[in-house]
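In what follows, a structure is listed as structure tokens, so that the remarks can point back to it.
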Amino acid sequence: MWPSTVWVLLLVVCVQCATTHKHSHTHTVTKERTEDGAYAPRDAHHMEDGEHYSEFDHEAILGSVKEAEEFDNLSPEESKRRLAVLVTKMDQNADGFVDRHELKAWILRSFKSLAEEEASDRFDDVDLNNNDAVTWDEYLQETYGMDSEDEEGVRLPFEEPRDDEERKLIQDDKEMFDAADRNRNGVLDATEFVQFVSPEEFPEMLPIILNQTLREKDRNNDGRIDFQEFVGDNAKDHDKEWLIVEMDKFKEDFDRDGDGYLNGNEILSWVVPSNDEVASDEVAHLFASADDDHDDRLSFLEIIDKYDIFVGSEATDYGDHLQNIHHFDDEL
């Protein structure tokens, strides 16, 4: 009787957990960086330690973390109904199918929407006086002065960097802030703020990223990055095998002209992830999951039948937890 009792108790927990949101896995933190300093791609948390997180798939289709969380609480029937509406919008040529080009265009559009949503949430936090504009002082206070409070818990104005690393971060942020301030009025409106917090998404901000990368990585100030500068201080913490892998990456993935250095666009291809490549990979993943008849196009029915892959629902989390319970029960 005891195993059955445990199973029932876990089933109750499962029902309660079905509405738990896990979208923090894929809600990319603004300016999240990898070990070598490059911006993390949008799908950085799609696969982790061999485990697939479907939250990224849902956000790539819905273009909103908030909507993806909302779908987590929908019944399968309602989830399918809403997905059917979206599918007709994906089908740009109205032929009743979604091809790879149409799906990729939709996903790229979603990435733009996700960046705007992330910036909007951050904007509300940083706009301390709620006047629909962010000043540099507001950004400094909210970002770097959050642990500076008086005895009554009132936040104090930010005054001085605490160390050289923070001084460097502030210098980079100020440079990016000024570049995003297109009308040069000293404040950022909501549109300008998107460029500030997600500069890697905007071509006009790439020269700033390039200059900052050179300032940080180009130790001999020759305007380019050699292999030693590419690996930087990370080399001290890894073995020879890691260096071989990094050398191959340096030569094959980034040094396109084979001159032994990274210059200009080669540096940008290293530090700025390609949304185009991420979208292409996501298209391949979704087609592999849903194109049951292998005709290289997705019918509306194929997409809606695989609603849990594209948008999820309350039953998706329930199913995940149910699998875990069956596994636990088998062990008992």
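- Heavy-atom contacts from other residues, nucleotides or ligands closer than 6.0 Å to CG of Asn265 number 12 or fewer.
- The CD1 atom of Ile107 sits 12.5 Å away from atom CZ of Arg42, with the distance rounded to the nearest 0.5 Å.
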Discussion item. Does Arg184 form a salt bridge (charged side-chain N to carboxylate O under 4.0 Å, His left out) with Asp178? I'd like the steps, not just the answer.
Written reply: CA-CA 8 Å; Arg184 300 292 184 266; Asp178 290 341; over 6 Å; no
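- A continuous path of Ile, Leu, Val, Met, Phe, Trp and Tyr side chains, each step under 4.5 Å between heavy atoms, connects Phe56 with Val283, placing both in one hydrophobic cluster.
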Discussion item. Apply salt bridge (charged side-chain N to carboxylate O under 4.0 Å, His left out) to residues Arg224 and Asp259 and explain how you reach the verdict.
Written reply: CA-CA 11 Å; Arg224 55 190 183 176; Asp259 68 349; 5.2 Å; no
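- Other residues, nucleotides and ligands place more than 12 heavy atoms under 6.0 Å from the CD atom of Glu175.
- Taking the side chain as every heavy atom from C-beta outward, Glu67 and His58 never approach each other to under 4.5 Å.
- No continuous path of hydrophobic side-chain contacts links Val197 to Val187 [ILVMFWY only; heavy atoms under 4.5 Å].
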Worksheet item: Could you go step by step and tell me if Ile209 and Tyr39 meet the side chain to side chain contact (heavy atoms under 4.5 Å, CB included) rule?
Response: CA-CA 10 Å; Ile209 294 177; Tyr39 287 85; 3.9 Å; yes
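- By the 4.0 Å N-to-carboxylate-O rule, Asp296 lies close enough to Arg100 to be salt-bridged with it.
- In this structure the side chain of Leu140 reaches within 4.5 angstrom of the side chain of Ile170, judged on heavy atoms.
- Within the 6.0 Å centre-distance limit, the rings of Trp270 and Phe230 are counted as a close aromatic pair.
- Ion pairing of Glu165 with Lys168 is absent here, as no side-chain N (NZ or NE/NH1/NH2) approaches a carboxylate O to less than 4.0 Å.
- Between Leu298 atom CG and Ile304 atom CD1 the span is 11.5 Å, to the nearest 0.5 Å.
- Side-chain contact check for Val231 versus Phe250: every heavy-atom pair is 4.5 Å or farther apart.
- Other residues, nucleotides and ligands place no more than 12 heavy atoms under 6.0 Å from the CZ atom of Arg109.
- Residues Ile303 and Phe97 are members of separate hydrophobic clusters, defined by side-chain heavy-atom contacts under 4.5 angstrom among Ile, Leu, Val, Met, Phe, Trp and Tyr.
- Heavy atoms only, all atoms of each residue included: Asn263 and Gly223 are closest at OD1-O, 4.5 Å.
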Worksheet item: Yes or no on salt bridge (charged side-chain N to carboxylate O under 4.0 Å, His left out) for Arg167 and Asp163, after CA distance, side-chain angles and deciding distance?
Response: CA-CA 6 Å; Arg167 183 174 288 104; Asp163 51 44; over 6 Å; no
Worksheet item: Taking it one step at a time, do Glu201 and Gln195 satisfy side-chain hydrogen bond (donor to acceptor under 3.5 Å, both in side chains)?
Response: CA-CA 7 Å; Glu201 305 274 357; Gln195 296 188 18; over 6 Å; no
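- There is no side-chain donor-acceptor pair under 3.5 Å between Asp189 and Asn185.
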Discussion item. Using salt bridge (charged side-chain N to carboxylate O under 4.0 Å, His left out), reason through Glu246 and Lys249 one step at a time and then give a plain yes or no.
Written reply: CA-CA 5 Å; Glu246 291 302 301; Lys249 194 186 301 181; 3.0 Å; yes
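- Looking at every heavy atom in both residues, Ser110 comes nearest to Glu59 through CB-O, 4.0 Å.
- A salt bridge does not link Arg297 with Asp95: every distance from a Lys NZ or Arg NE/NH1/NH2 to an Asp or Glu carboxylate oxygen is 4.0 Å or more.
- Atom NZ of Lys174 has more than 12 neighbouring heavy atoms from other residues, nucleotides or ligands inside a 6.0 Å radius.
- Annotation for Asn234 and Trp242: closest pair CB-CH2, 3.8 Å, computed over non-hydrogen atoms.
- The shortest distance between side-chain heavy atoms of Thr191 and Glu116 does not fall below 4.5 Å.
- Side-chain N/O atoms of Gln171 and Gln212 include no donor and acceptor closer than 3.5 Å.
- Looking at Asp281 and His46, their side chains never bring a donor and an acceptor atom within 3.5 Å of each other.
- Judged purely by distance below 3.5 Å, without hydrogens or angles, the side chains of Ser280 and Lys104 pair a donor atom with an acceptor atom.
- With Trp106 as the aromatic partner, Lys89 does not meet the cation-pi criteria of under 6.0 angstrom to the ring centre and within 45 degrees of the ring axis.
- Ile208 and Val134 fall within a single hydrophobic cluster, where Ile, Leu, Val, Met, Phe, Trp and Tyr side chains are chained together by heavy-atom contacts under 4.5 Å.
- Contact detail for Pro199 and Met205: the closest heavy-atom pair is O-CB, 3.5 Å.
- Checked by atom type, the side-chain pair Tyr261/Asp222 shows no donor-acceptor distance below 3.5 Å.
- The structure places CG of Asn93 at 6.5 Å from CG of Asp99, a figure rounded to the nearest 0.5 Å.
- Rounded to the nearest 0.5 Å, atoms CZ (Arg81) and CG (Leu74) are 9.0 Å apart.
- Rounding to the nearest 0.5 Å gives a distance of 6.0 Å between CG of Asp226 and CG of Asn220.
- For the pair Thr88 and Phe300, the minimum side-chain heavy-atom distance is below 4.5 Å.
- Residues Glu314 and Asp72 form no side-chain contact, since every pair of their non-hydrogen atoms from C-beta on lies 4.5 Å or further apart.
- Counting heavy atoms from C-beta on, the side chains of Ser269 and Arg256 come closer than 4.5 Å.
- Between His45 and His52, the distance from one ring center to the other does not fall under 6.0 angstrom.
- Remark: Leu262 CG to Thr213 OG1 distance equals 10.5 Å, nearest 0.5 Å.
- Looking at every heavy atom in both residues, Ala133 comes nearest to Glu138 through O-OE1, 3.2 Å.
- Side-chain contact check for Leu128 versus Glu142: some heavy-atom pair is nearer than 4.5 Å.
- Two different hydrophobic clusters hold Leu301 and Phe287 under the rule that ILVMFWY side chains link at heavy-atom gaps under 4.5 Å.
- Ring orientation note: the planes of Phe177 and Tyr139 are tilted relative to one another, at an angle of 30° to 60°.
- Between the side chains of Thr143 and Arg122, at least one donor N or O sits under 3.5 Å from an acceptor N or O.
- Scanning both residues, Ala40 and Pro273, for their nearest heavy atoms gives O-CG, 3.8 Å.
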